[in-house]
Amino acid sequence: MKILVTGGTGYIGSHTVVELINKGYECIILDNLYNSSEKVLDRIKMITDIRPKFYKVDIRDKETLEEVFKENKIDAVIHFAGLKAVGESVAKPLEYYENNITGSINLYELMLKYNVKNLVFSSSATVYGDSFKSPLKEEYGRGNTTNPYGASKAINEMIIEDIGVANKDFSAILLRYFNPVGAHESGLIGERPNGIPNNLVPYISDVVVGKLDHLNVFGDDYDTRDGTGVRDYIHVVDLAKAHVLAIEYALKHEGVNTINVGSGNGYSVLEVIKAYEKACGKPIPYRVTPRRPGDIATCFADTNKASELLGFNTKLNIEDMCKDAYNFICKNPDGIE
Ligand code: NAD
Ligand code: UFG
């Protein structure tokens with residue numbers, strides 16, 4: 001069984017490739033290396049003993065993308081490739097729409113042309129916007145997205161649903177990720193964003209290894225148990241395993257399904273700091289600052305559909321996430337270069 005993984009050298013993609021290989025699937029990775037390194041392939045080999053076939057291709061370049069479909073008999077696609085920084089998307093909307101929508105349309109067109117009818121797509125809890133109260137259920141649909149990144153995910157969901165209406169034998173799972181964190185327990189793959197991290201756990205990691213002086217806690221006056229923002233953090237290895245279950249479901253069933261992937265538990269910023277302090281054995285200096293514009297108080301998943309449809313339940317907890325994030329940053333303080 002051959003699975004094409006777009007964005008497969010990236011953070012979530014590389015962990016998913018490892019889990020697919022562990023389950024005996026053959027992976028073909030496609031990535032333009034905009035936000036990842038070819039060295040990730042060596043790391044995957046160190047973990048699994050297999051170096052997946054790799055194409056340095058940009059999904060916006062349809063002609064080159066078609067070569068991948070011509071050369072390989074692909075059974076299913078897991079589509080991670082895209083740009084993902086919320087703030088940057090506000091400054092560069094066309095780049096985001098071109099990458100995340102035009103690029104994805106190229107991919108979907110080629111899937112249909114080459115009769116590849118199974119897809120798993122990386123969506124995000126961001127499509128709920130600020131319209132609904134947690135626990136967020138898939139049946140709520142899509143809320144008001146507040147930035148081009150979120151809009152690009154909502155539009156992709158709509159495009160895939162419409163492909164499903166027009167092609168009855170098409171099968172897709174739209175996975176709405178909550179907050180993926182942590183790294184593979186080997187410390188060989190993980191996430192270290194370029195520049196100053198925007199997200200909480202990568203920012204804490206940089207503080208812990210002394211690259212940054214302290215963490216800014218964005219607001220302690222939310223209506224939550226300690227006043228700081230509550231999110232549903234999920235270990236990236238659990239998330240990767242959800243992709244294996246999703247692709248197996250897509251291979252057996254027709255139709256388009258939307259599924260949350262979270263733990264169903266919310267943790268506050270102060271609780272994450274405590275868990276990370278326990279993992280690294282030292283205090284994490286922080287200062288409370290005003291709220292970050294656009295943030296909501298609480299966001300966590302209703303996980304019943306993932307459990308019922310895919311048999312997916314998370315196994316790793318917040319302490320595992322912090323332990324593995326710490327292990328990765330200690331071994332790769334400058335990321336995988
Ligand atoms: P990532 O940046 O580590 O991985 C994305 C990969 O796609 C990178 O390797 C990048 O080089 C590649 N890429 C980007 N544009 C491309 C293009 N035009 N052609 C080919 N390759 C391209 O990000 P990630 O955290 O692994 O996220 C994977 C997917 O999951 C993304 O679609 C992201 O929007 C989505 N997602 C991520 C999060 C999160 O918090 N990490 C949350 C929700 C959804
Ligand atoms: N936070 C801080 N300090 C920081 C960074 C974050 O206090 O330096 C707080 C935030 O205010 C929030 C929590 O930590 O309460 C988590 O923030 P992240 O930036 O890690 O994650 P978000 O929930 O804001 O965003 C994530 C993804 C987005 C996605 C969104 C909704 O990064 O891509 O979830 O799914 F759009």
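Remember, it's 1-based here, ligands and their atoms both numbered in the order they're listed. Scope of the values below: all heavy atoms of this structure, side chains included, with no hydrogens, waters or symmetry mates.
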Sub-3.5 Å N/O-N/O distance, Y177 and ligand 1: no
Any N or O on P180 sitting closer than 3.5 Å to an N or O of ligand 1? no
Identify the closest protein heavy atom to atom 5 (C) of ligand 1: which residue and atom is it, and at what distance? G82 O, 3.9 Å
Where on Y233 is there a heavy atom closer than 4.0 Å to ligand 2, on the side chain, on the backbone, on both, or on neither? side chain
If we only count N/O pairs under 3.5 Å, is K153 in contact with ligand 1? yes
Does S36, backbone or side chain, put an N or O under 3.5 Å from an N or O of ligand 1? yes
Ligand 2 contact on Y149 by region, counting heavy-atom pairs under 4.0 Å: side chain
Of all the non-hydrogen atoms in the protein, which one sits nearest to atom 21 (O) of ligand 2, and at what distance? N179 ND2, 3.2 Å
Quick one: does ligand 2 sit under 4.0 Å from the side chain of T228, the backbone, both or neither, non-hydrogen atoms only? neither
Could you tell me whether T6 approaches ligand 1 through its side chain, its backbone, both or neither, with non-hydrogen atoms closer than 4.0 Å? neither
Taking non-hydrogen atoms only, is A125 closer than 4.0 angstrom to ligand 1 via side chain, backbone, both or neither? neither
Would you check whether L200 has a nitrogen or oxygen atom less than 3.5 angstrom from a nitrogen or oxygen atom of ligand 2? yes
Backbone or side-chain N or O of T126 under 3.5 Å from ligand 2 N or O: yes
Is the shortest N/O to N/O distance between G7 and ligand 1 below 3.5 Å? no
Can you figure out which of I196, N199, D206, L136 has its heavy atom closest to atom 32 (O) of ligand 2? N199
Residue and atom name of the nearest protein heavy atom (relative to atom 19 (O) of ligand 2), distance in Å to one decimal: R292 NH2, 2.8 Å
Is it the case that ligand 2 has an N or O less than 3.5 angstrom from some N or O of S124? yes
